[in-house]
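Encoded as structure tokens, the structure appears first; notes follow it.
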Amino acid sequence: MSLLDDLNPAQKEAVLTTEGPLLVFAGAGSGKTRVLTYRIAYLIKEKGIPPSRIFAVTFTNKAAEEMRERVERLLGRSARGIWISTFHSACARILRHHIEQLGYQRNFVIYDEEDQERHLKTVMKELGLDFKMFHPKAMQSAIDQLKNEGMTPEQFQPSYYNIFQKRLAQVYQRYQEDLKRNNGVDFGDLLLLTTLLFKKFPEVLRTYQDLWHYVMVDEFQDTNLIQYQLLRQLVNTHENICVVGDDDQSIYRWRGAEVGNILNFERDFPETKVITLEQNYRSTKNILHAANSMVQRNRFRKEKVLWTENPEGERITFFVAKDEREEADFVIRKIKEYLSANPSSEPYREVAVFYRINAQSRALEEAFVKHHIPYTIVGGLKFYERREIKDILAYLKWVSNPSDSLSLRRIINVPSRGIGEKTLEKIESYSRERGLSLYEGMKACLAEDWLSPLAKEKIFGFLQMIEDFMKEVQSVPLTQLTMNILTQTKYLDRLKEEGTEEALSRLENIDELLSVMMEFEQEEEGGSLQSFLERVSLMTEVDLYENKENRVSLMTLHCAKGLEFPVVFMVGMEEGLLPHYRRGEEIEDLEEERRLCYVGLTRAKRKLYLSRAERRSTFGVGRANLPSRFLDELPLELIEVEEPSGEEEKDRGWVERMKETGEILEGEGISWHPDGFYPLKMGMKVRHPKFGEGRVRSVEGMDEEQKATILFSSVGPKRLKVKYANLEIIE
DNA sequence: AATCGTAGTGTTTTT
DNA sequence: CACTACGATT
């Protein structure tokens, strides 16, 4: 059969194992999506399973779309009816049908992180909490975490002695109540409420269990506890669930992703068959070898070694720049070389530059502009998080769900129409006392003559306007409605009056939103406001990225996951940046940084460039960074060191020179600084020529200025300048 | 109610 | 350095 001919033995086995729990460890570039799509195709075409029986979950809309396209390519028309979606949109869809059983209305709105924070702040203010003492951000992530663990406000038992937890319990409770009163849910709720729904109403769960006989999960290493709970609810231990993931590419632990889910899977589904895909189709032997030898340093991982039949390829080029500008120039220089050496018609799109943090994009961007090289920055400032977009969406959200006081509050004075904080406070406390929504409260305040004449007039005008919008929602098409809102509220006029560059770009963004809307309306016949809002709420910038234009792509390492490029640059290979200095203290945190690096390396198909800068200005201050420890984990023979252009001794790299003079020993990585500056870390054991052995207590500063406090067993604590101390690291 | 000034604060962010 | 968030000012 032709389907199976395209697969290697391991892939074939994964496709053919349709019954029972299946765990596929899919290494980078091992054809994971191919396995998933072929498996779906096989189920439908060969096993005669109706498409509607299949449920495939991904993490991003983009991945879902890609999977759908590829399945359609294999099956054509008969692919229709498969549920392929993200966890969140699947939950949203389920909740649209059943959320009334949980006491919400079916036209609920979805709040994003910013809405969430606003809402949280109001709650905290009402409870009289000091933002300095209890940071809203901390509360927010604590609540998120509780939701990720499947904990409802009722279930959460704060520790009696922990003041933060006690407050948290209070805030969480109130936060959730008010959210419900707004008929709104946050991202966490989509998952939490769905599991709750399934727990409380087994008959609802039953319908989905009966509906989906085959469940597949992509990027399983990124699932969090509640997502796993959800899967376990849907699939009994004997049923057909196939999860695909790679523990080496787990880079969202800090966001609640639980790599342990992979390990627990075999425990929770004892009959699990495990298949490991180790043949890589993406990269050259050299790149793969480098990536392998790095990731193998991790202690917490499933052992696997990727291999490939691809050619050996070029060595990895490593460059040490003076500063970030020179680093950017290096990237440009190499891109230009690639351009002239490559007959490809669209060379730019074959190139990507990865960095650890967004702030690094700046120097690069400047260089790209200067040299007229087309580029796009993926991620960063997000379209749907822009103020003007969120303002308009707030109007639309309220129109589709008038209980949404949060959105109403956002737009009540935007653009400014003289309704101030005081009036608003009055109406809010009035509403709160009577358990009314802000909208109802406004109407009641007017009726009862509660406000000053001026405020009354303003509120009256505002109410009339938005009630008009509300009436139009049924009869007027989406784009038209939005246009009406934009003109009626004078939103556009105000921006045009401003005439600043910023206002201009806001206008452009609004245009963009309108065209997205029109597209949506055409795509989805009679696409409703509600489904548009849902799509938009669950969409991200990365989903919009398609790499269809001939441009160099710039992005963070996190964004790079799941993508591939013939030529890859990884800049900023420095201690403090990669691994990042703000990471946690546990080994797991360091290992996650290493995986992040690994993800970057494995994106490259043919050529990989690594670079670091000796000095880099962060927050306006120049700092000298040590080379990343990860550089030492690459086999030296795979590295070719690029000299700065125009320097003497071009033909021989400094690594070679240092090897000759004995400054570098064979087997050591490339980052060992020739002048003997050590990447000293707290807790390291060192030997000093005079004082003997000691342990590092603390390290301050960098490079020549670096000082370390070391506790020697012979003479006690000493503070030494590392440069002169001549230390030897023992462990 | 809008504007201005200053203090504080800097990772990554699939939904 | 660059951005924001909040408070004081007009």
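Scope of the values below: all heavy atoms of this structure, side chains included, with no hydrogens, waters or symmetry mates. Chain identifiers are assigned alphabetically (A, B, ...) following the order of the sequence lines, protein sequences preceding nucleic acid strands; residue numbering begins at 1 within each chain.
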- request: For A:Met216 and A:Ile82, run side-chain contact (heavy atoms from CB on, under 4.5 Å): C-alpha distance rounded to whole Å, both residues' side-chain angles, the deciding distance at 0.1 Å, then the answer.
  value: CA-CA 11 Å; A:Met216 284 174 233; A:Ile82 316 172; over 6 Å; no
query: CD of A:Glu114 versus C1' of B:dT13: gap in Å, rounded?
result: 15 Å
message: So for A:Arg253 and B:dT12, does any side-chain atom that can act as donor or acceptor lie under 3.5 Å from a complementary atom in the base?
response: no
message: My understanding is that only residues two or more places apart in sequence, or in another chain, count here; which of them pass side-chain hydrogen bond (donor to acceptor under 3.5 Å, both in side chains) with A:Ser611?
response: A:Glu327
- request: Give one of base, sugar-phosphate or nothing for A:Leu424, where a contact means two heavy atoms less than 4.0 Å apart.
  value: nothing
- prompt: Below 4.0 angstrom from OP1 or OP2 of B:dT13, is there any side-chain N or O of A:Thr556?
  reply: yes
- line: Residues of residues 355-365 of chain A with a heavy atom under 4.0 Å from any atom of DNA chain B, listed by number, are A:Arg356, A:Ile357, A:Asn358
- prompt: Under 4.0 angstrom, heavy atoms only, what part of the nucleic acid is A:Glu219 near: base, sugar-phosphate, or nothing?
  reply: nothing
field: Strand-adjacent residues in residues 132-139 of chain A, judged by heavy atoms under 4.0 Å from DNA chain B
entry: none
task: Walk along DNA chain C from 5' to 3' and tell me the first and last nucleotide with an atom closer than 4.0 Å to a non-hydrogen atom of chain A.
output: C:dC1 to C:dC6
- prompt: Considering residues at least two apart in sequence or located in another chain, which fulfil the side chain to side chain contact (heavy atoms under 4.5 Å, CB included) criterion with A:Gln116?
  reply: A:Glu113, A:Gln140, A:Asp144, A:Tyr175, A:Asp186
query: A:Arg255: what forms a side-chain hydrogen bond (donor to acceptor under 3.5 Å, both in side chains) with it, not counting sequence neighbours?
result: none
C:dA5 and B:dT12, which share atom name P, separated by this distance in whole Å: 16 Å
task: Would you indicate what A:Gly562 reaches in the nucleic acid, counting non-hydrogen atoms under 4.0 angstrom: base, sugar-phosphate, or nothing?
output: nothing
Listed partners of A:Arg506 passing salt bridge (charged side-chain N to carboxylate O under 4.0 Å, His left out), at least two apart: A:Glu388, A:Glu502
statement: side-chain hydrogen bond (donor to acceptor under 3.5 Å, both in side chains) filter on A:Arg106, not counting sequence neighbours, yields none
- request: For the side chain of A:Arg582, starting at C-beta, report the closest nucleotide among B:dT11, B:dT15, B:dT14.
  value: B:dT11
Non-neighbouring partners of A:Glu523 that pass salt bridge (charged side-chain N to carboxylate O under 4.0 Å, His left out), sequence neighbours left out: A:Arg535
query: Can A:Phe59 be called stacked on B:dT15 when the rule is centres closer than 5.5 Å and an angle between planes below 30°?
result: no
- request: Nearest-nucleotide wise, let me know which of A:Arg494 and A:Phe87 is further upstream toward the 5' end of DNA chain B.
  value: A:Arg494
statement: Residues passing the salt bridge (charged side-chain N to carboxylate O under 4.0 Å, His left out) test with A:Lys137, sequence neighbours excluded, are A:Glu117
task: Could you pull out all residues at least two apart from A:Phe265 that satisfy ring-ring contact (aromatic ring centres under 6.0 Å, His included)?
output: A:Phe220, A:Phe269
- prompt: NA contact type, A:Ser416, heavy-atom cut-off 4.0 Å: base, sugar-phosphate, or nothing?
  reply: sugar-phosphate
- prompt: Does A:Glu564 have any salt bridge (charged side-chain N to carboxylate O under 4.0 Å, His left out) partners at least two apart in sequence or in another chain, and if so, which?
  reply: A:Arg282, A:Lys605
- prompt: Taking the six-membered ring where the residue is Trp, are the ring centres of A:Tyr208 and A:His98 under 6.0 Å apart?
  reply: yes
- prompt: Is any side-chain N or O of A:Asn61 closer than 4.0 Å to OP1 or OP2 of B:dT15?
  reply: yes
